[in-house]
Amino acid sequence: MRDKDNMSVILLEWYDRHAREMPWRVSPQARKGGTLPDPYAVWMSEIMLQQTTVATVKDYFIRFITRWPTVADLAAAEDAAVMAEWAGLGYYARARNLLKCARAVVADHGGAFPADHAALLKLPGIGPYTAAAVSSIAFDLPHAVLDGNVERVMARLHDIHTPLPTAKPELMARAEALTPATRPGDYAQAVMDLGATICTPRNPACGICPWRDPCAARVAGTAADLPRKLPKKAKPTRYGTVYLGRRADGAWLLETRPERGLLGGMLGWPGSEWAEGDAPEATPPAPGDWTELPGEVRHTFTHFHLILRVMRADLPADCTPTRGSFRTRAEFGPADLPTVMRKAFDLAQ
DNA sequence: AAACCGGGGTA
DNA sequence: TACCCAGGTTT
């Protein structure tokens, strides 16, 4: 029962009955018939799924694949069009690397994703996890995927109490030891599905788990407490000011943020720096009768909380801004903004 | 090795 | 409101 081949067979039998439908996925039945998914679609979905839930990704994936059906189409896209389509999904470096990677696949690989794990790893935005996911799911090569789901499943299956990230090499070794030579692509998706639907962070459904018998943590009663994690440090709060200027024709004064750093390459409102402690000095991006809006914008990023004052002004038709540029109603919609900037827009409506 | 990157869901 | 989740890149 604990034999490696039996373990994978048991999980694959469960997956054959319970595989979740996803727009980028080929069913286990179709895969048994020899159909493999489009590597471009697998890659696109895996980039979007980094740090992001399936429910959120689905709509974005459909829009991207519909608008850019092949990697060559994406490689030829305008940078600003891709960034606007990505708005709201977060971690915007992913979108910049998405384009870089598409262009590298066209330039260096003749427009076809390589199957080889090492070649995938050299592409922008593709790390160990994504390289293993693409080579296993799209090409059925036996590479072990180790995402947060698999880390949790392995920690529980083997009752590993070492906290993350220290435990990562051991969890990887366990994941590799279990990866089968037959149907490795379905196996990779199966173990991640198991973590997402049965072996969940809280309240794992051990009673209906296909690996219930061999699971060491279920026997020890420690499943819900694993994996252990090193404590994280508290988030500081930063303060800042943004300026929402509107011209009589309805155009808004916006700026494109620098390529690197927070919200890199995205549209935003001109404003002050964001700093801890006292609110930093703020200079309007154009002369005008600026008034502070009631309320404030609160937003939390990965490593700090942000509180923004929002200033509003109606600007003259001949306004010459010192920062940013006007975008007409046709050139701009709030959906093009990252969430924190859209919150400021909502406050002004 | 540690810090830097958003947004959504749940309690 | 507070807390949880989670790969890749940069420094």
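Every chain is numbered from 1 and lettered A, B, ... according to where its sequence line falls, protein lines coming before strand lines.
Rounded to an integer number of Å, the gap from A:H299 NE2 to C:dT1 C1' is 16 Å. The separation between A:L164 atom CG and C:dG7 atom C1' is 13 Å, rounded to whole Å. Here C:dG8 presents its P atom at 13 Å from CG of A:L123, a figure rounded to the nearest Å. In this structure, the CZ atom of A:R96 is 20 Å from the P atom of C:dG7, given to the nearest Å. One interatomic measurement links the two molecules: CZ of A:R260 to C1' of C:dT9, which rounds to 9 Å at whole-angstrom precision. If you measure from atom NE2 of A:H303 to atom P of B:dG6, you get 8 Å, rounded to the nearest angstrom. One interatomic measurement links the two molecules: CD1 of A:I47 to C1' of C:dG8, which rounds to 9 Å at whole-angstrom precision. Atom CH2 in A:W43 sits roughly 14 Å away from atom P in C:dG8 (whole-Å rounding).
At the phosphate of B:dG7, neither OP1 nor OP2 sits under 4.0 Å from any side-chain N or O atom of A:T53. The side chain of A:T56 contributes no N or O atom lying less than 4.0 Å from OP1 or OP2 of B:dG8.
Test A:R228, A:R174, A:K168 against A:E151 for salt bridge (Lys or Arg N to Asp or Glu O under 4.0 Å) and you get one pass: A:K168.
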I'd like a list of close polar pairs between nucleotides 3-6 of chain C and the protein, N/O only, cut-off under 3.5 Å.
unit_1: C:dA6; atom_1: OP1; unit_2: A:R152; atom_2: NH1; d: 3.4

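A distance-only check finds no donor-acceptor pair linking the side chain of A:T200 to the backbone of A:T197 [under 3.5 Å]. A donor-acceptor pair is defined here as one N or O able to donate and one able to accept, closer than 3.5 Å; such a pair exists between the side chain of A:D336 and the backbone of A:G333.
Taking for each of A:G261 and A:N203 the nucleotide of DNA chain B with the nearest heavy atom, the 5'-most of the two is the partner of A:G261.
Spacing of P atoms, C:dT11 relative to B:dG6, comes out at 15 Å, to the nearest Å. Annotation: C:dT9 and B:dG8 have their P atoms spaced 23 Å apart (nearest Å). The gap from the C1' atom of B:dT10 to that of C:dG7 amounts to 22 Å, rounded to the nearest Å. Look at the P atom in both B:dC5 and C:dC4: the space between them is 23 Å, to the nearest Å.
A salt bridge links A:R31 and A:D140; the closest N-O separation between the charged side-chain nitrogens and carboxylate oxygens is under 4.0 Å. We find that A:K32 and A:D16 are joined by a salt bridge, their nearest charged nitrogen and carboxylate oxygen being less than 4.0 Å apart.
Side chain to side chain, A:T130 and A:Q50 meet the donor-acceptor criterion of an N or O pair below 3.5 Å.
At a threshold of 4.0 angstrom between heavy atoms, the contacts of A:G264 with the nucleic acid are absent.
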Pair A:L120-A:S135, side-chain contact (heavy atoms from CB on, under 4.5 Å): steps then yes or no: CA-CA 8 Å; A:L120 287 164; A:S135 62; 4.0 Å; yes
